[in-house]
Amino acid sequence: MSSPTSTPGRRKRNRDDIPATPKSTVSPPSQRRRGQDSSNGDLPAMPTSPATDIASPAVHDTSLFSSPKAPSHHLNALREVDMSSPLMYGTPSSRVEGTPRSGVGGTPARQRPDLGSIRKAPQVDLHSEPPSADGAVASEQALGQKLVIWGTDVNVGTCKEKFQRFLQRFIDPTSNEDENAGLDLNEPLYMQKLEEISVVGEPVLNVNCSHVQSFDADLYRQLISYPQEVIPTFDMAVNELFFERFPDSILEHQIQVRPYNALKTRNMRSLNPEDIDQMITISGMVIRTSQLIPEMQEAFFQCQVCAFSTRVEVDRGRIAEPAVCRNCNTTHSLALIHNRSAFSDKQMIKVQESPDDMPAGQTPHTTIVYAHNDLVDKVQPGDRINITGIYRAVPMRENPRQSNVKSVYKTHIDVIHFRKTDEKRLHGLDEDSDQKLFTEERVQILKELASKPDVYDRLSSALAPSIYEHEDIKKGILLQLFGGTRKDFSQTGRGNFRAEVNILLCGDPGTSKSQLLQYVFNLVPRGQYTSGKGSSAVGLTAYVMKDPETKQLVLQTGALVLSDNGICCIDEFDKMSDSTRSVLHEVMEQQTLSIAKAGIICQLNARTSVLAAANPVESQWNPKKTTIENIQLPHTLLSRFDLIFLMLDPQDEAYDRRLAHHLVALYYQSEEQIEEEFLDMAVLKDYIAYARTYINPRLNEEASQALIEAYVDMRKIGSGRGMVSAYPRQLESLIRLAEAHAKVRFSDKVETIDVEEAKRLQREALKQSATDPRTGFVDISILTTGMSATARKRKEEVAQALKKMIQSKGKTPAMKYQQLFDDLRGQSEAAITKDMFEEALRALADEDYLTVTGKTVRLL
Amino acid sequence: MRMWFICRFCCPAAQSNSNPEWEAKVLEYFKGQLKEKESHSWVPSLNDVPLHYLKPNSLVKFRCLVQDMFDPEFYMGVYETVDPSTKANVLRCGKYKDVTECGVDLNSRNTVTAERQTFYCVPIPGEIPTVVSACQGKNQARVVPSTSYVPSRQKRSYEEDDDDMDTQPQKQREPHTGGKFGTVNGLPGAGRPRQETEAPSSQTTTPSDCSSHLDLNFPLPGERGPACLVKVYEGLDSFKLNDTLEIYGILSVNPVLTVLGEEKDPSLLLLNPTESMETPEEQRAHDPPASLVPRLHMLYARPLQHNNPLLPSAPTEDQSAFVSSFLVEMASVRAELLAYLTHVLLGDGLAAEYLLLHLISDVYTRRDVLPLGKFTLNLSGCPLNSYTERLYQIVQQLVPCSYRLSMSLHTMNSMRLVPKKDYVANRLVSGALQLARNTSLFLDETQLEQGQLDSSGVRNITALGNLISWQKVDYDFSYHQMEFPCNINVLVTSEGRSLLPSDCQVPLQPQVTPPNMEEYLTTIHMAQFTSQINKFRVYLSLARTLDYSISDEVTKAVEDDFVDMRKDDPQSVTAEDLHRMLVVARLLSLSLGQTTLSRDGWMRAKHIDMLRRSRTEQQKSLNGNEP
């Protein structure tokens with residue numbers, strides 16, 4: 001009865017020490033169609049069941065996995081004949097009917113095509129003593145420990161027992177999975193889940209394999225190696241346990257166990273022939289889903305002569321058509337009746353390796369995945385998912401007309417469990433889902449690095465080594481890569497505080513701004529690179545598109561949403577149109593993106609750091625102008641940048657020399673020399689990933705004090721000249737920078753040194769970007785109001801002069817605009833431009849001193 | 001002929017003993033044989049010899065570019081067959097084969113599953129006919145014996161069964177063989193073996209399929225040549241997309257392959273959706289008829305440093321000997337080439353110098369994202385009409401691989417430059433920017449007219465910009481993009497300043513104004529002897545492969561120079577300029593066959609850069625005065 005197309009992996013596993021003919025035949029659960037499990041309880045009703053099975057109550061348990069044994073049957077014949085015999089199976093209707101719908105027996109089982117069709121593997125007693133046919137039943141319990149399913153080392157009884165124990169006892173107090181939200185972590189986890197099933201009525205139990213592993217490594221190994229045999233055993237165990245506890249609950253079908261997170265395989269590329277028929281978990285992205293395919297599970301045959309009907313299970317796409325009617329012995333009289341055959345849903349899904357897993361320079365691999373029953377249509381193209389399933393290989397079908405076949409197997413995965421990795425990105429944090437696994441040694445290396453006193457400098461110099469100097473800018477970008485700590489004040493109504501640091505680089509053309517951006521884009525896993533020139537508002541946010549196939553409106557996300565939890569690099573920021581730039585306002589402070597388009601109104605998360613590069617307005621930095629005048633960006637936007645760096649040509653001989661040396665070295669040093677000097681990019685990547693996931697620094701007392709002082713100082717600078725110059729936004733960015741710096745040190749506490757560095761960096765950036773060209777002072781108000789304090793002062797002076805002049809003219813209710821302007825110019829010593837004059841007028845109008853209508857100025 | 005015996009030997013040997021060591025031994029043997037001098041030329045090349053002249057299951061070589069990498073597949077490494085008459089079980093080897101032999105026992109426990117991967121390989125895009133013919137010349141002697149082979153394959157029946165053979169594919173093939181392989185076409189018996197190979201394809205391609213040609217997915221339009229499915233067994237990780245390789249492997253054109261894919265029992269389909277899963281497009285992409293896309297089972301692959309047949313290909317002793325012998329005449333060849341280019345560029349010596357430097361440029365390393373050594377040249381002020389076309393023809397003669405992209409509005413809007421993943425057919429649809437390393441890409445901007453670029457046009461321009469600035473192409477995987485580094489020499493010809501970025505702009509200043517440009521260039525072109533052109537080709541390829549270094553002393557001088565220059569005029573000399581001058585100095589030294597930068601070399605580089613800059617300044621002021 002062994003099928004001609006059984007999978008190759010199975011064959012390899014067959015051990016030589018397993019006798020070809022089993023001595024004792026006990027059909028394992030996996031041997032049966034799942035549907036039969038339900039009839040286990042009904043076994044007594046079956047005509048062929050021996051009386052012994054019912055008689056002994058102790059057998060009840062074992063009868064679940066032992067098939068009826070009639071002494072009159074030859075053992076092999078039993079296996080061969082009984083499995084396909086209609087007597088063995090209750091018809092689907094008979095399974096449900098009659099019994100009250102509760103208890104293991106009452107609930108219909110559902111076929112599990114994901115586990116493949118029944119294996120025709122009997123259990124084998126490893127002890128060679130030949131039990132007599134009727135002795136088998138008696139000795140069964142004694143030998144219970146030694147009975148294993150053929151080809152495996154799985155003993156059904158032990159396995160079931162172990163799993164039940166696992167369910168009853170497993171506690172994971174440190175669990176932080178979101179599925180376990182609301183569960184008491186100190187109670188057995190899975191018992192609570194069973195309770196949930198009894199309430200919700202969804203008969204699926206998801207089991208984390210890592211839990212199984214930590215509880216019982218051997219059970220885990222069996223699960224991974226023989227999922228086809230072990231999972232049905234788990235199913236049985238769960239159902240028993242469940243109906244014992246909740247005898248009255250009514251479920252749609254019996255509970256199915258869905259293990260996930262098998263640690264064996266993570267990467268599609270590492271699948272190899274050894275994984276065949278084993279349970280694996282891989283991650284990838286869905287690229288295509290097929291239509292629903294009805295797959296025949298059970299064929300219904302009817303004899304054309306005597307109308308005798310029979311059912312044949314479909315085994316791997318094959319129907320063993322009965323040649324002879326068993327009722328009337330007519331040959332070839334049986335015809336397939338489609339309407340009465342049983343079908344199940346099936347869907348083909350193509351999954352592509354996620355881009356992060358790929359080695360450079362190769363194309364991504366794809367794998368075919370089959371989803372069955374309720375897993376059909378669970379995923380959509382574009383979803384990033386983790387798939388747990390059984391890896392299969394099927395040889396090319398033999399063509400009866402050809403003697404030669406292609407010597408290639410078709411591989412696919414029968415999925416057991418889907419887990420979307422990006423599902424939560426729309427709702428909350430997904431820190432745990434893309435948690436990178438670090439090996440012990442790697443963590444050790446990282447920690448060692450972190451303990452070095454100069455780690456901050458080391459890392460910043462490892463950043464874009466080909467770009468010369470700009471130490472502070474690199475440090476700023478480094479802090480951006482680490483980011484601050486996320487704080488949630490939504491309880492108190494303030495909402496989330498952003499943790500992302502935004503940076504603007506502004507400078508002369510050719511100061512390698514683009515190169516820095518490219519480097520950062522290559523360094524972070526979820527980075528996006530756009531150019532202001534080529535991107536539109538919708539390209540940055542999201543746009544609604546009609547799907548050509550389904551005619552449905554779908555939301556296509558743009559660069560800002562795609563770089564959620566990453567960095568969005570925007571080059572040529574100044575070339576961006578104003579409407580496009582205005583989109584950034586929401587993203588850069590609230591970290592969300594609201595969309596109202598074509599009937600789709602939603603808010604997407606865009607927790608992205610923005611790294612922008614802009615050229616000055618006149619393409620070359622004009623030192624005679626203020627930053628604002630040079631950058632010409634709305635200051636509402638500018639104030640959202642934590643750090644604004646100027647990349648200017650210092651025009652200094654020593655600098656030139658160092659630069660020349662650096663560049664020449666770039667051209668002749670060999671790879672190895674460079675390697676020695678700087679940190680590996682991979683180490684840097686891991687370092688950042690590790691810090692981002694595991695380190696969440698909090699402010700300590702001293703640091704808080706230091707921050708307060710720093711803020712008060714900043715305010716003081718402004719208040720000295722009687723105006724507010726520092727806003728809470730500056731304080732927030734100071735906190736973020738300090739936190740990021742603590743992360744660099746792998747420290748859970750933000751200390752004073754972090755605050756000091758944050759202050760220094762902010763001052764450094766500000767010193768360059770907010771130096772008032774007329775006074776040389778650092779002036780934060782330039783950023784917040786777009787005007788320097790001196791400019792403001794002068795504006796006031798002009799306004800006062802104008803007022804004085806008007807007053808000196810005596811009572812003239814109306815004046816000519818041009819006349820007034822000429823008068824003022826004549827009177828004033830400094831040159832007064834038309835702009836300044838208008839500003840002064842506006843200021844006076846604000847004071848309700850006068851109004852300007854057209855070309856006349858009226859006093860009030 | 002000896003190789004042929006080896007092949008025969010290989011497979012039975014595999015069958016007789018299941019000892020795993022045989023695999024290593026076979027590989028060892030082949031590698032050893034191929035290392036021998038002249039050994040490469042015994043092996044017929046798939047590039048030159050039409051498929052129907054090659055014996056199936058024999059050793060062939062193929063010079064190609066890895067265009068796409070398919071998913072790995074599992075195959076029966078070892079399997080057991082049952083002889084239907086004697087019932088005897090025989091172990092057989094499935095490695096290096098596509099098809100099993102009769103009566104496979106699928107339940108045998110001796111079956112060993114192994115893994116291999118398929119690469120879709122195409123001939124190196126833009127390879128000029130001269131390279132092909134030169135390679136052909138090398139192999140000419142071998143082609144004739146293999147044609148004398150009278151086919152006696154078991155699949156003869158196909159031909160006999162199908163007397164109503166469709167002649168479509170044959171027609172389609174005719175101009176191809178006639179054009180490229182003109183020499184072999186006239187050989188006796190040419191018609192007969194062709195029918196042999198065509199037969200299965202004509203049988204399998206239904207009339208509807210015939211009209212839509214099988215898309216062989218060449219990167220460049222108008223390319224032809226054999227595409228090949230290469231089965232790779234070892235060292236999967238060492239191969240990368242767009243690698244240029246010379247592959248030695250066993251040719252498999254078993255017609256059964258095609259039949260297996262096509263013949264489908266409808267009843268089987270119903271019950272086994274596994275096989276219906278592949279869309280027809282995917283089937284066509286992954287299992288094209290073996291007669292059109294042969295299978296090649298790789299034994300050994302050699303990455304090609306260059307595909308210039310005039311140079312010894314392997315980095316062996318005889319190469320270094322070759323190099324040192326050529327170095328002597330390097331300077332004289334350079335002078336000749338410079339003179340030639342000066343003529344071509346209408347007497348503009350400076351532009352000729354820059355063109356020469358451009359032709360030997362090469363991205364020799366990358367520092368994080370920065371490609372070093374790229375030298376994109378923008379020749380502005382090109383005369384209109386057909387001048388650029390002619391110029392391209394001359395450049396084409398000098399380099400092994402080249403492609404001219406005429407940047408007309410229509411082509412920019414309609415052409416696919418960036419490769420894109422087609423998820424329906426599950427393959428990477430190639431684009432014109434999927435090119436082998438050191439391919440010369442000639443962008444003809446003089447063809448550009450006023451009008452509007454649509455979104456795909458903008459994407460294409462962006463892709464070209466990225467290619468020039470970062471030497472990378474972002475392949476479109478529809479859900480995400482993937483970055484593939486490349487190494488392409490881009491030459492932009494334009495009327496004014498190019499709209500694309502470039503490392504170096506040289507305004508052309510014609511010294512002569514020939515009344516008939518076409519005639520002028522043709523005469524220059526004709527005046528060169530083939531031997532002369534060949535010398536130029538060797539020179540250009542060789543100069544690129546030389547090593548280069550800068551001594552500490554010169555480094556110091558360069559630094560001083562830079563500081564001095566900045567002192568005089570900090571605005572005009574930036575880090576960018578130093579970058580460019582360092583590249584120019586490097587290329588200038590290499591072009592003279594010098595492997596270290598000398599003070600002189602640096603001064604010369606500075607000098608010609610100065611000349612060029614003054615010329616661009618001039619141009620700028622000229623343009624500024626115009627309006």
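Here is the naming used below: chain letters follow the sequence lines, and residue numbers restart at 1 for every chain. Just so it is clear, the model here is predicted, and its values are computed rather than measured.
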So, the part of A:Thr411 with a heavy atom under 4.5 Å from chain B: the answer is side chain

Bottom line for A:Val520: the part with an atom under 4.5 Å from chain B's heavy atoms is neither

Rounding to 0.5 Å, atoms CD (A:Gln362) and NZ (B:Lys240) come to a distance of 7.5 Å

Quick check: do [X] and [Y] have side-chain heavy atoms less than 4.5 Å from each other?
X        : Y        : result
B:Phe477 : A:Ile287 : no
B:Asp68  : A:Thr363 : yes
B:Tyr423 : A:Lys350 : no

Heavy-atom closest pair (A:Asn272 atom, B:Phe74 atom, distance to 0.1 Å) is C-CZ, 3.6 Å

Would you say B:Asp71's side chain and A:His365's backbone share a donor-acceptor pair under 3.5 angstrom?
no

For A:Pro273, does its backbone N or O pair with a side-chain atom of B:Glu115 as donor and acceptor, under 3.5 Å?
-> no

[X] versus chain A, heavy atoms under 4.5 Å apart: side chain, backbone, both or neither?
X        : value
B:Arg586 : neither
B:Met482 : side chain
B:Asn426 : side chain
B:Lys472 : side chain
B:Phe484 : side chain
B:Leu236 : backbone

Any idea which of [options] has the most non-hydrogen atom pairs under 4.5 angstrom with chain A?
options                               : value
B:Tyr475, B:Phe562, B:Tyr75, B:Trp470 : B:Trp470
B:Val583, B:Asp560, B:Val558          : B:Asp560
B:Asp561, B:Asp237, B:Leu241          : B:Leu241

Working note: A:Tyr409 + B:Glu73, criterion side chain to side chain contact (heavy atoms under 4.5 Å, CB included); need CA distance, chi angles, decisive distance, verdict. CA-CA 7 Å; A:Tyr409 294 103; B:Glu73 59 186 19; over 6 Å; no

